Structure formats: structure tokens, C-alpha cells
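Please read the structure below before turning to the comments.
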Amino acid sequence: MKKLMAANWKMYKVRAEASATAADLAARLDGKLPEDREVLVIPPFTALWAVGEAFAGKPGLSLGGQDFYPAKEGAFTGEIAPAMLLDAGCRYVLTGHSERRHVLGEDDAFVGQKTAFGLAAGLSVILCVGEKVEERKAGQVEAVVTRQLAAGLSEIPTDVLPEKLAIAYEPVWAIGTGLTAGPKEVEEAHAMIRAWLIGRFGPQNGALVRILYGGSVKPGNAGTLLGIDNVDGVLVGGASLEAESFSAIVTA
Ligand code: PGA
């Protein structure tokens, strides 16, 4: 199982900027991408084709979408369908990102609907979960994360191919704040998620679903985070916007 090193560019970069960063990243990783790692860049929709072009023919670099609407097509102004992401070269897509939940108002049920729809449409889905600071202070990490997992994966068949699904544990208080969860907090949360996945998908498949950590991952802390049990990759926002820092994370 390769570690998944994912760059979430959020609402940053027009096409020329995305193209330049993707080309710079591909050049920096040329011949240097560790065998056991896979790189995923998740740009804004308008830059998908540009990043796809920069990655064409480069093994180990793939493309993902930040969001989609769970319908094949239709009168959904402003939305994008899984088939459109696949057409633009995406293999992966995010669901349940903290900003979709807490800024754009997506609830657990809608995240579950999207996760099932994205998988059925042929995308590999990274379901993001994570508690807010007040929930951590109230000792509710397990309650919140298992609620998000149960709802997020409620419609997924038990025999889903484990390589098509990943979970990103992103404590909300660590996203974009410079605060990273400590090694012990990460280890505990990831072990809890692993146990839950094994309960849901069985010992074999549950052990193969990758669990990424996200929240202020930087070149200086990536090595430590990736060394923690059950950390099968990272989801990086701010530090993924520059090829220099993201390539340092990828090879950390
Ligand atoms: P950050 O964002 O690395 O800037 O904290 C992570 C994310 O939102 O996926």
C-alpha cells in the first residue's frame, strides 16, 4: 500500500499559476519519488486540465477533484458531476472536507450520499473527518469521528475495494492554523479509525483502507507524522501551494 501524499489547493491559483506549480513539482520529483509513495494534486476545477497536462506521462502523479454534486447530470447550476471530473482526468475526489462541512454547510447525510455516489461513479473517494476544538476539549473526539465515519460510509457496500476509499483525519482546529495534532493525538485518532474500519469492512479490507492525516502538515513535521502507526499519507493545504515545500513533504 503506497502512502498517498495529497495536495489540496483549495480556492488558490489561476491556470497559469497551477500549470507552473505542477510542472515545477513534476520536475522536482522526477526520479526522486519514493517507490512507496503516490502524489495527488487537487486543484480548483478551472485548473484541472492544466495540471493534468503537466502530469501527463509522469508515473505516480495523479489528479483529484475537490468536490462534486451527487447526480449524473441535470439542472444543478454551479455544480459539477463525477463524470466531468473523470473526463478532466481525475482519479480521486474529496468528500466531507471541513470547509465543506463548516463553511458551506454540508451535513453528515449529504456527505454520505456524495461518498457513495462518487464511488459508484468510478472515482476513488477520500472522506474527510475530524473534530472541532470544543469537541476535543469536551472529550468527544471518538464520538464525533465515528459519527462522521458511520454517516459518511453508510451507503457503501461492505465489499468495496479498499484501494478506492481513503479516510483523511483532519482535526478542524489544526487546519490552516499552524497547530498540528501531537504524535500521541494522531496515533490515538488513527488507531480508533482503523479499529472502526476493521469493524465495518472486516480485518482484511479494513486494514487496507488508507488513513491520511491533515492539518498544518509542513516539511518540518511530515517525517514524524508519516512515521506514526496507521498514518498512510497526508492531506496538505497551505504547504502544498509551493512546489518546493510540497516536494519536501513528499520525500520527507
Ligand atoms: P492545511 O490544510 O495544511 O493548510 O492545514 C489542510 C486541509 O484543509 O486539507
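Atoms within each ligand, like the ligands themselves, are counted from 1 in listed order. Quantities reported herein were computed from a predicted structural model and do not represent experimental measurements.
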Do we see a donor-acceptor contact under 3.5 Å between the side chains of Lys32 and Thr251?
no
Note, Arg101 side chain near Ser98 side chain (heavy atom, < 4.5 Å)
no
Does Gly215 reach ligand 1, in the sense of a heavy atom lying below 4.0 Å from it?
yes
Are any of the heavy atoms in His97 under 4.0 Å away from ligand 1?
yes
Looking only at distances, please establish whether an N/O atom of ligand 1 is found under 3.5 Å from an N/O atom of Gly214.
no
When you compare the side chains of Ser216 and Thr180, does any donor N or O come within less than 3.5 Å of an acceptor on the partner?
no
Evaluate the side-chain contact (heavy atoms from CB on, under 4.5 Å) criterion for residues Trp196 and Val145: first the C-alpha distance (whole Å), next the side-chain angles of each, then the deciding distance (0.1 Å), finally the verdict.
CA-CA 10 Å; Trp196 191 93; Val145 171; over 6 Å; no
What protein heavy atom is closest to atom 3 (O) of ligand 1, reported as residue, atom name and distance in Å?
Gly237 N, 2.8 Å
Distance from atom 2 (O) of ligand 1 to nearest protein heavy atom, with residue and atom:
Lys10 NZ, 3.3 Å
Go through ligand 1 atom by atom and flag the ones less than 4.0 Å from a non-hydrogen atom of Gly176.
1 (P), 4 (O), 5 (O)
Of the side chain and backbone of Asn8, name the one, both, or neither that has a heavy atom under 4.0 Å from an atom of ligand 1.
side chain
Are Val231 and Asp229 side-chain neighbours, meaning at least one heavy-atom pair lies under 4.5 Å?
no
If you count the atoms of ligand 1 from 1 in the order shown, which ones are under 4.0 Å from a heavy atom of Ala174?
5 (O)
Taking only heavy atoms of Gly238, which atoms of ligand 1 are found under 4.0 Å from at least one of them?
1 (P), 3 (O), 4 (O)
Name the closest protein heavy atom to atom 9 (O) of ligand 1, giving the residue it belongs to and the distance to 0.1 Å.
Glu170 OE2, 2.7 Å
Hey, mind stepping through Val172 and His102 against side-chain contact (heavy atoms from CB on, under 4.5 Å) and telling me if it holds?
CA-CA 9 Å; Val172 177; His102 304 303; 3.8 Å; yes
Quick one: side chain to side chain donor-acceptor pair (under 3.5 Å) pairs with a partner in residues 164-177, sequence neighbours left out?
His97-Glu170, Glu131-Tyr169, Glu131-Trp173, Arg136-Tyr169
Based purely on interatomic distance, does Thr177 place a nitrogen or oxygen under 3.5 Å from a nitrogen or oxygen of ligand 1?
no
Taking the side chain as everything from C-beta on, heavy atoms only, tell me whether Asp67 gets closer than 4.5 Å to Val93.
no
